[in-house]
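Let me begin by presenting the structure, written as structure tokens, before commenting on it.
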Amino acid sequence: MQLKPIFLGNTAINNNVFLAPLAGYTNYAFRRLCKGYGAGLCYTEMVSAKGLKYGSENTKELLYTDGEEGLCAAQIFGSEPETMRAACEHDALAPFPIVDINMGCPVPKIYKNGEGSALLEDPFLAEKIVKECVKSGKIITVKFRIGITADKFITTEFAKRMEGAGASLITVHGRTKDKIYAGEVHFAEIAKAKAAVQIPVIANGGVFSNADAETLLNETGADGVMVARAALFHPQIFCELTGMETESKLQMFEKQLKWTQQVCDERFTTVFMRKMAAFYVKGERGAAAYKERLFSTQSPQEILAIAREIWE
Ligand SMILES: Cc1cc2nc3c(=O)[nH]c(=O)nc-3n(C[C@H](O)[C@H](O)[C@H](O)COP(=O)(O)O)c2cc1C
């Protein structure tokens with residue numbers, strides 16, 4: 001696909017291929033892996049602004065980063081403008097110059113709280129949140145969906161409002177909230193957002209190959225693409241999209257395991273890397289049997305032994 005840098009004020013992002021925020025997955029190790037494979041910008045998973053306010057331990061772990069990872073964006077969710085601003089100003093977000101606001105999450109618990117995709121129904125509040133967050137001095141970006149249902153797209157008006165409130169970039173997920181992660185990606189809606197604003201627009205939804213990325217860019221005129229689920233099965237999709245050299249699955253797995261251990265305890269590392277190995281083994285011969293064995297492992301060493309058996 002056509003690569004280009006993205007500029008947010010004085011901040012330059014190497015290229016226009018982004019790793020999406022993925023709750024439960026886009027931790028330090030996974031982001032660092034994808035960055036190494038060429039992703040221009042990676043996002044943390046969504047972090048609760050209220051959780052930061054009340055000092056939840058877990059949010060601090062979600063926000064671990066270091067110089068090895070380089071430029072990275074943190075994503076927050078919430079509905080109270082002041083709490084959202086306080087989150088942007090929180091010490092835990094200090095290493096993140098870019099803060100993205102989640103306005104697309106369809107999970108019932110989040111939606112019912114007036115957070116995530118619920119903000120699509122309250123554009124005034126959404127605007128207020130962005131205005132307040134901008135006061136923190138961070139580069140504020142917004143990731144949103146094209147509406148709640150396909151009979152009422154909100155894309156053009158919402159995109160304009162976000163830009164007007166001070167957002168430096170928007171990512172448009174071309175599906176409605178009621179479709180969760182399935183179904184058609186509405187290219188025309190993303191194209192409307194692109195036509196409506198001057199800030200960079202990143203298109204998201206359904207990129208599983210270089211051909212998909214090209215189609216998404218051609219059909220929408222967007223400035224870049226954001227990849228989500230494809231990266232879970234195949235982090236080296238970023239090599240495919242950016243022309244970086246690939247490496248073996250085993251090398252990839254060993255790196256990810258090492259970096260996960262650097263930040264997380266043995267229990268978390270075991271559970272997380274079991275899940276990742278199960279993604280990576282998909283499509284391999286004997287995948288079902290390997291998965292069964294993986295899920296009975298009790299330590300990173302045991303997982304690594306199976307990974308070596310599969311991929312060495
Ligand atoms: C397991 C999972 C977790 C997700 N977590 C987040 C999240 O924390 N924040 C967010 O904005 N979107 C989240 N999303 C949505 C993705 O970022 C993306 O918008 C969506 O999956 C569509 O892209 P895709 O078709 O490339 O998968 C999540 C999606 C999945 C499948």
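Everything numeric here is computed off the predicted structure, so don't read it as measured data.
Between Glu247 and Tyr37, the side chains place a donor N or O and an acceptor N or O closer than 3.5 Å (distance only, hydrogens not considered).
In this structure, Phe96 is not a member of the same hydrophobic cluster as Leu8, with clusters built from ILVMFWY side-chain heavy atoms closer than 4.5 Å. In this structure, Ile139 is not a member of the same hydrophobic cluster as Leu63, with clusters built from ILVMFWY side-chain heavy atoms closer than 4.5 Å. Hydrophobic clustering, with ILVMFWY side chains joined whenever heavy atoms are under 4.5 angstrom apart, groups Val197 together with Leu120. Two different hydrophobic clusters hold Val142 and Ile202 under the rule that ILVMFWY side chains link at heavy-atom gaps under 4.5 Å. Both Tyr25 and Val263 belong to a common hydrophobic cluster when Ile, Leu, Val, Met, Phe, Trp and Tyr are linked at side-chain heavy-atom distances under 4.5 angstrom.
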Under the criterion side-chain contact (heavy atoms from CB on, under 4.5 Å), I'd like the reasoning laid out for Val172 against Ile190: C-alpha separation, chi angles, the key distance, then a yes or no. CA-CA 6 Å; Val172 185; Ile190 303 176; 4.0 Å; yes
For a side-chain contact (heavy atoms from CB on, under 4.5 Å) check, start with the C-alpha distance between Val17 and Val207, then their side-chain angles and the critical distance, and finish with the verdict. CA-CA 11 Å; Val17 184; Val207 174; over 6 Å; no
Worked check of side-chain contact (heavy atoms from CB on, under 4.5 Å) between Lys255 and Arg32: CA-CA 9 Å; Lys255 268 188 192 170; Arg32 187 169 162 189; over 6 Å; no
Given side-chain contact (heavy atoms from CB on, under 4.5 Å), test Phe268 with Asn27 step by step and report yes or no. CA-CA 12 Å; Phe268 181 94; Asn27 54 28; 4.1 Å; yes
Mind running salt bridge (Lys or Arg N to Asp or Glu O under 4.0 Å) on Lys160 and Glu163 for me, showing each step along the way? CA-CA 5 Å; Lys160 282 189 188 158; Glu163 179 180 50; over 6 Å; no
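For the pair Met46 and Glu115, the minimum side-chain heavy-atom distance is 4.5 Å or more. Residues Phe144 and Leu119 form no side-chain contact, since every pair of their non-hydrogen atoms from C-beta on lies 4.5 Å or further apart. Taking the side chain as every heavy atom from C-beta outward, Tyr43 and Cys72 never approach each other to under 4.5 Å. By the 4.5 Å heavy-atom criterion applied to side chains, Thr260 and Pro300 are not counted as neighbours. In this structure, the side chains of His173 and Met226 stay at 4.5 Å or more apart for every pair of heavy atoms. Side-chain contact check for Phe30 versus Glu45: every heavy-atom pair is 4.5 Å or farther apart. Proximity of Leu294 to Met273: side-chain heavy atoms (C-beta onward) are nowhere separated by under 4.5 Å. The shortest distance between side-chain heavy atoms of Pro235 and Tyr280 falls below 4.5 Å.
Shortest non-hydrogen contact noted between Ile306 and Thr297 is CD1-CG2, 3.6 Å. Across all their heavy atoms, Ile6 and Asn15 have their closest contact at CG1-O, 4.3 Å. Taking both residues in full, the closest heavy atoms of Gly40 and Ile13 are given as O-CG2, 3.5 Å, listed atom of the first, atom of the second, then distance. Here the closest non-hydrogen pair linking Ala87 and Ala49 is CB-CB, 3.8 Å. Summarising the geometry of Pro81 relative to Glu132, their closest heavy-atom pair is O-CG, 3.4 Å, with the distance given to 0.1 Å. Scanning both residues, Lys194 and Val201, for their nearest heavy atoms gives CA-CG2, 3.9 Å.
Checked against side-chain hydrogen bond (donor to acceptor under 3.5 Å, both in side chains), Asn102 has the following partners two or more places apart in sequence or in another chain: Gln75. Partners of Tyr111 by side-chain hydrogen bond (donor to acceptor under 3.5 Å, both in side chains), not counting sequence neighbours, listed by chain and number: Glu121. In this structure, the salt bridge (Lys or Arg N to Asp or Glu O under 4.0 Å) partners of Glu69, at least two apart in sequence or on a different chain, are Arg31. Under the salt bridge (Lys or Arg N to Asp or Glu O under 4.0 Å) criterion, Arg308 pairs with Glu254, sequence neighbours left out.
At least one donor-acceptor pair closer than 3.5 Å links the side chain of Asp212 to the backbone N or O of Ser209. Under a 3.5 Å cut-off, the side chain of Arg145 and the backbone N or O of Ile180 do form a donor-acceptor pair. Side-chain N or O atoms of Lys143 include none that pairs as donor or acceptor with a backbone N or O of Asp100 at under 3.5 Å. A donor-acceptor pair under 3.5 Å is absent between the side-chain atoms of Lys291 and the main chain of Lys282, judged by distance alone. A donor-acceptor pair is defined here as one N or O able to donate and one able to accept, closer than 3.5 Å; such a pair exists between the side chain of Gln251 and the backbone of Ser248. Proximity of a side-chain donor or acceptor of Glu302 to a complementary backbone N or O of Gln298 within less than 3.5 Å is detected. No donor-acceptor distance shorter than 3.5 angstrom exists from the side chain of Thr141 to the backbone of Ile170, with no hydrogens or angles considered. Side-chain atoms of Arg175 come within 3.5 Å of backbone atoms of Ala182 as a donor-acceptor pair (strictly under, hydrogens ignored).
The side chain to side chain contact (heavy atoms under 4.5 Å, CB included) with Lys35 is formed by just one residue from the set Asn14, Leu41, Leu19, Leu71; it is Leu71.
Note that the CG atom of Leu52 and the OG1 atom of Thr59 stand 5.0 Å from one another [nearest 0.5 Å]. Between atom CD1 of residue Ile101 and atom CE of residue Met84 there is a gap of 5.0 Å, rounded to the nearest 0.5 Å. Note that NE2 of His90 and OG of Ser136 are 13.5 Å apart. Values are rounded to the nearest 0.5 Å. Atoms CD1 and CG, from Ile140 and Leu169 in turn, are 11.5 Å apart once rounded to the nearest 0.5 Å. Residue Thr242 holds its OG1 atom at 10.5 Å from CD1 of Ile237, rounded to the nearest 0.5 Å. With values rounded to the nearest 0.5 angstrom, Phe18 atom CZ is found 7.0 Å from Thr171 atom OG1.
Every pair passing side-chain hydrogen bond (donor to acceptor under 3.5 Å, both in side chains) that includes a residue from residues 179-189 is listed here, sequence neighbours excluded: Thr155-Glu189, Glu189-Lys192.
Enclosure of atom NZ in Lys128 is not indicated, since only 12 or fewer non-hydrogen atoms of other residues, nucleotides or ligands lie within 6.0 angstrom. Within a 6.0 Å sphere centred on CD of Glu309, heavy atoms belonging to other residues, nucleotides or ligands number more than 12. Surrounding CG of Asn10 are at most 12 heavy atoms belonging to other residues, nucleotides or ligands under 6.0 Å away.
Phe233 and Phe279 have perpendicular rings, their planes meeting at more than 60° on a 0 to 90° scale where under 30° would count as parallel.
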What side-chain donor-acceptor pairs closer than 3.5 Å can you find for residues 146-154, not counting sequence neighbours?
unit_1: Thr149; atom_1: OG1; unit_2: Asp151; atom_2: OD1; d: 2.4

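For the pair Arg161 and Phe124, the cation-pi test (distance below 6.0 Å, angle within 45°) is passed.
Between Glu82 and Arg85 there is no salt bridge, since none of the side-chain N atoms of the basic residue sits less than 4.0 Å from a carboxylate O of the acidic one.
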